[in-house]
There are 2 protein chains.
Amino acid sequence: MDSIILYQKIQAFYEDNKRMPSVREIRDRIIRTKSMRKTKELVDALVDEGVLRRDKKGKLTPTNLFTSVKKLGFVEAGFPSPAEEELLDTMTLDEWLIQRREATYMLEVKGQSMINAGIRPGDTALVERGKQPKHGDIVIACVDGKWTMKYYHILPGKKIVLVPANPKFPTIYPKEELRIEAIVTAIIRKY
Amino acid sequence: MDSIILYQKIQAFYEDNKRMPSVREIRDRIIRTKSMRKTKELVDALVDEGVLRRDKKGKLTPTNLFTSVKKLGFVEAGFPSPAEEELLDTMTLDEWLIQRREATYMLEVKGQSMINAGIRPGDTALVERGKQPKHGDIVIACVDGKWTMKYYHILPGKKIVLVPANPKFPTIYPKEELRIEAIVTAIIRKY
DNA sequence: ACTATATGGGAACAAACGTTCCCAAGTCAA
DNA sequence: TTGACTTGGGAACGTTTGTTCCCATATAGT
């Protein structure tokens, strides 16, 4: 069995079972041989290539390859040739976008108030709670009982205002209550 | 040990080791007791709650909780109270955004040609190769040797044109060569 | 003080694990 | 045919695994 195919089948096993197979599972369910020795030999080869990783206990562990997306440069540069493809950097969406998972939420955007920041109704905002906002951050705030998404601006004199990214909407000067509940860490638009 | 804390420590183990711990590892490195019986009892409780899952072989397996993000409604609805929080839907970024991982790439956007579609320079496009484009899709195309991101439009008579989302840019009427290399499945903007 | 009950420690077991070793079968050159 | 070498099957080893069981201790009730 070719080592690329072996890798693909191990990845399929990983996606199905949410864990890596044991050597015997690879032997019986993937390679379909009867040889432990040969199976370990093929697996060791993948480990040497860096496609798979092993624990201190010898257990197989997924590498980034299992969960990552290939990262190209710019649109204008287009796609690399198959030969160059192996040199590509990779990145997992989770590690890229999520810092503290337990404090991260998805919120759907409604309305046009941030349209000039490229945030449109239907977009999904990834927000993180319990983080100190800085000037210029986009925040989810509860002001006088209403929830909005706005730019967080600190005026001279440390006064806080919430600025929309749409001149048709008013800047908010909080009177009584202003709670910054979360700051927007990413905007995702799925087609 | 409280079961919520136990879950958090198991999740930390999972993020560190990219695999779930065994019962003995939980006993020695997480609960720090000497009792197998008590450890299994606590783990079984988490399995009953649906926080952990088990294989047919009894091996622990991560649930969606380990990799998912809580999904709220709309910005205007704000955050639920801690009591309501347990009812929230969850979703993993990978399963949401990626269909065929091996054909999915990240590309950085340069230029203003799609600005009116809310796609700005610096944004990251998630693109998928080998998929048939439909009218209205945003595609990565190689036309007459140059790479661009444009709307894919099918005119009456089945003629294909590439339309920018910015009136200052020209619509492209491919002369010789037009290769649709990928279609854009998501736009991600990280702050 | 004396039971009855609940709790946690830890030994024990069979299965599954990674790893190594030996040997039969195959391959190749001379 | 012979001998050197490679290959794959599979037994065997020690460890780790999930699971169960027994018993000493703690707790509570009378």
Side-chain angles (χ1 to χ4, degrees), chain A residues 1-68 90 92, chain B residues 1-68 90 92:
Chain A
M1 169 170 304
D2 187 17
S3 79
I4 293 179
I5 296 180
L6 175 56
Y7 157 68
Q8 287 171 350
K9 298 214 175 185
I10 291 177
Q11 182 169 40
F13 184 102
Y14 180 73
E15 297 225 339
D16 287 348
N17 300 82
K18 312 295 184 193
R19 65 170 177 85
M20 295 293 274
S22 68
V23 178
R24 278 171 182 79
E25 283 171 330
I26 294 175
R27 181 193 62 175
D28 296 338
R29 295 158 63 168
I30 298 181
I31 304 188
R32 294 194 142 72
T33 178
K34 293 174 183 173
S35 169
M36 288 278 1
R37 208 196 54 79
K38 186 60 180 171
T39 304
K40 180 164 163 51
E41 191 176 302
L42 289 170
V43 171
D44 283 347
L46 286 182
V47 171
D48 286 343
E49 292 173 30
V51 175
L52 304 179
R53 205 183 299 135
R54 254 198 248 275
D55 254 349
K56 279 149 286 181
K57 293 191 177 179
K59 294 183 183 307
L60 290 179
T61 274
T63 57
N64 263 2
L65 269 187
F66 282 70
T67 51
S68 64
T90 68
T92 79
Chain B
M1 170 170 300
D2 188 16
S3 79
I4 293 179
I5 295 179
L6 175 57
Y7 158 67
Q8 288 170 350
K9 299 213 173 185
I10 291 178
Q11 182 168 38
F13 184 103
Y14 181 73
E15 298 226 338
D16 287 348
N17 301 82
K18 311 294 184 194
R19 65 169 176 88
M20 294 293 273
S22 69
V23 179
R24 278 171 183 79
E25 284 170 329
I26 294 175
R27 182 191 64 175
D28 297 337
R29 296 159 62 168
I30 298 181
I31 304 189
R32 295 193 139 73
T33 178
K34 294 174 182 174
S35 169
M36 287 279 2
R37 209 196 54 80
K38 186 60 180 173
T39 304
K40 180 165 163 48
E41 191 176 302
L42 289 170
V43 171
D44 283 347
L46 286 183
V47 171
D48 287 343
E49 291 172 31
V51 175
L52 304 179
R53 204 184 300 133
R54 254 198 248 276
D55 254 349
K56 279 150 286 181
K57 292 190 178 180
K59 295 182 184 308
L60 290 180
T61 275
T63 58
N64 263 1
L65 272 185
F66 282 70
T67 50
S68 64
T90 68
T92 79

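Model, not experiment: these values are computed from the prediction. The sequence lines fix the lettering, A, B, ..., with proteins before strands; numbering per chain opens at 1.
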Looking only at N and O atoms, is any donor in the side chain of S35(B) or the base of dG8(C) less than 3.5 Å from an acceptor on the other one? no
Letter by letter from the 5' end, nucleotides 15-28 of chain D scores (B base, S sugar-phosphate only, - none; protein heavy atoms under 4.0 Å) --BBBBBB------
Between [atom2] on [N] and [atom1] on [X], what's the gap in Å once rounded to a whole number?
{"X": "E41(A)", "N": "dG10(D)", "atom1": "CD", "atom2": "P", "result": "16 Å"}
{"X": "M20(A)", "N": "dA16(C)", "atom1": "CE", "atom2": "C1'", "result": "18 Å"}
{"X": "K38(A)", "N": "dG8(D)", "atom1": "NZ", "atom2": "C1'", "result": "8 Å"}
{"X": "I31(B)", "N": "dG10(C)", "atom1": "CD1", "atom2": "P", "result": "15 Å"}
{"X": "D28(A)", "N": "dG10(D)", "atom1": "CG", "atom2": "P", "result": "12 Å"}
{"X": "R32(B)", "N": "dG9(C)", "atom1": "CZ", "atom2": "C1'", "result": "18 Å"}

R54(B): partners by salt bridge (charged side-chain N to carboxylate O under 4.0 Å, His left out), with sequence neighbours left out: D44(B)
Using the side chain to side chain donor-acceptor pair (under 3.5 Å) criterion, which residues pair with R19(B)? Sequence neighbours excluded. D55(A), E25(B)
Using side chain to side chain donor-acceptor pair (under 3.5 Å) as the criterion, list what pairs up with Y7(B), not counting sequence neighbours. Q11(B)
Checking the side chain of T63(B) only, and the main-chain atoms of V51(B) only, is there a donor and an acceptor separated by less than 3.5 Å? yes
Could you pull out all residues at least two apart from R37(A) that satisfy side-chain contact (heavy atoms from CB on, under 4.5 Å)? S35(A), E41(A)
Taking side-chain contact (heavy atoms from CB on, under 4.5 Å) as the test, write out the residues that go with D2(A), two or more places apart. I4(A), I5(A)
